[in-house]
Amino acid sequence: MRVVPVPCLSDNYAYLVARPGASEALVIDPSEADSVARALAHEGLDPVAILVTHHHHDHVGGIEGLLERFGALSVYAHASDAGRVPAQSERVEEGRPFTVAGLEVRAIHVPGHTLGAVAYLVGDAVFTGDTLFVAGCGRLFEGTPDQMHASLTGKLARLPASTRVYCGHEYAAQNLRFAAELEPDSAAVRDKAAEVADRRGRGEPTVPSTIGEELATNPFLRAGAAAIRARFPAAASDAEAFAAMRAAKDVFKG
Ligand code: ZN
Ligand code: FE
């Protein structure tokens, strides 16, 4: 499977996904139409559908422009996002896989950043929108800390460790500064930060990560780790440590 990250706006990623050798492609989270259309032309791909992880403008802003250029593409988003995703034609739900562009897609409902947030599992790649970032997680705009913790730990963290993670924003460097503050003795965090600095230095995206690397380095998947729990002594549970950590990240100046 081919995955092409498309940098959009200041730090967003849209993605093109296609079977090897195929010309039909999925577009995930088109922030803006121009960059995505240029990438499609450059890769020789024809879009057949748009998959949206959540309704925020920086993930759907390019839908209308792509429909103008390419005609009526199917637009997939969570059933509960109907009415707030432009031109949504398909209502996805967890437990109802679908096939598009010859690719089987599993939607995973991950409320927290928004209530209608979904991650899409396509082959061995998961597209996580603003739920799971490289070394971080999205802000809680609509969901509760418990919901986000369950979405991350109960769902995404349970995917096979080799699953490639493609997220919605390039926030890795800043996220790793927060991770290093929480786990200053972690060699995994140190190695990941070095790798990220390297990739950014070459102007490359830090995606994909893998679920295995995130389990080792992402503090928001590690609320149960002794080192993290020790940083939030007032928390009576992993979920409470997660909530305190998310609140600390909101005001972190890295
Ligand atoms: Zn968002
Ligand atoms: Fe976003």
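The chain is numbered in sequence order, starting from 1.
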R19, CZ: over 12 other non-hydrogen atoms inside 6.0 angstrom: no
R69 atom CZ: more than 12 heavy-atom contacts under 6.0 Å: yes
Any non-hydrogen side-chain atom of [X] less than 4.5 Å from a side-chain atom of [Y]?
{"X": "V75", "Y": "V85", "answer": "yes"}
{"X": "E94", "Y": "K155", "answer": "yes"}
{"X": "P205", "Y": "E170", "answer": "yes"}
{"X": "R190", "Y": "D185", "answer": "no"}
{"X": "E213", "Y": "R164", "answer": "no"}

Through direct or indirect side-chain contacts below 4.5 angstrom among Ile, Leu, Val, Met, Phe, Trp and Tyr, which residues connect to [X]?
{"X": "Y171", "answer": "F133"}
{"X": "L221", "answer": "I108, V110, L121, V126, L132, L140, M148, L152, L156, L159, V165, F178, L182, I211, L215, F220, I228, F232, F242, M245, F252"}
{"X": "V196", "answer": "L176, V189"}
{"X": "L103", "answer": "M1, V3, Y13, Y15, V17, L26, I28, V48, L51, Y76, V92, F98, V100, V105, V118, Y120, V122, F127, V134, Y166, V207"}

For the pair [X] and [Y], find out whether any cationic side-chain nitrogen is under 4.0 Å from an anionic carboxylate oxygen.
{"X": "R222", "Y": "D238", "answer": "no"}
{"X": "E43", "Y": "R2", "answer": "yes"}
{"X": "E204", "Y": "R200", "answer": "no"}

How far does [atom1] of [X] sit from [atom2] of [Y], to the nearest 0.5 angstrom?
{"X": "Q147", "Y": "L115", "atom1": "CD", "atom2": "CG", "result": "5.5 Å"}
{"X": "S237", "Y": "R229", "atom1": "OG", "atom2": "CZ", "result": "6.5 Å"}
{"X": "D46", "Y": "S23", "atom1": "CG", "atom2": "OG", "result": "4.5 Å"}
{"X": "H42", "Y": "S35", "atom1": "NE2", "atom2": "OG", "result": "13.5 Å"}
{"X": "T114", "Y": "H56", "atom1": "OG1", "atom2": "NE2", "result": "6.0 Å"}
{"X": "T144", "Y": "R246", "atom1": "OG1", "atom2": "CZ", "result": "13.5 Å"}

Verdict with supporting geometry, V52 and Q88, side chain to side chain contact (heavy atoms under 4.5 Å, CB included): CA-CA 9 Å; V52 167; Q88 179 176 354; over 6 Å; no
Examine the side chains of [X] and [Y] and answer whether a donor and an acceptor come within less than 3.5 Å of each other.
{"X": "S186", "Y": "K192", "value": "no"}
{"X": "Q174", "Y": "K253", "value": "no"}
{"X": "H54", "Y": "D29", "value": "no"}

Grab the two heavy atoms, one from [X] and one from [Y], that are nearest each other, plus how far apart they are.
{"X": "A18", "Y": "E24", "value": "CB-O, 3.4 Å"}
{"X": "T217", "Y": "A188", "value": "CG2-O, 3.4 Å"}
{"X": "A234", "Y": "E240", "value": "O-OE1, 4.0 Å"}
{"X": "A172", "Y": "T206", "value": "CB-OG1, 3.4 Å"}
{"X": "A161", "Y": "T210", "value": "O-CB, 3.6 Å"}
{"X": "A14", "Y": "C8", "value": "CB-SG, 4.0 Å"}

Aromatic contact, H113 with H59 (centres under 6.0 Å): no
Under the ring pair (Phe, Tyr, Trp, His ring centres under 6.0 Å) test, residues paired with H109 that sit two or more places apart: H78
Backbone of [Y] reached by a side-chain donor or acceptor of [X] within 3.5 Å:
{"X": "R231", "Y": "E181", "answer": "yes"}
{"X": "N218", "Y": "G136", "answer": "yes"}
{"X": "T163", "Y": "A125", "answer": "no"}
{"X": "E90", "Y": "S74", "answer": "no"}
{"X": "N12", "Y": "D58", "answer": "yes"}
{"X": "E104", "Y": "G123", "answer": "no"}

Listed partners of R96 passing side-chain hydrogen bond (donor to acceptor under 3.5 Å, both in side chains), at least two apart: E93
Hydrophobic cluster membership, L66 vs L9, 4.5 Å side-chain cutoff: no
Trace of the side chain to side chain contact (heavy atoms under 4.5 Å, CB included) decision for V27 with L16: CA-CA 5 Å; V27 177; L16 313 180; 4.0 Å; yes
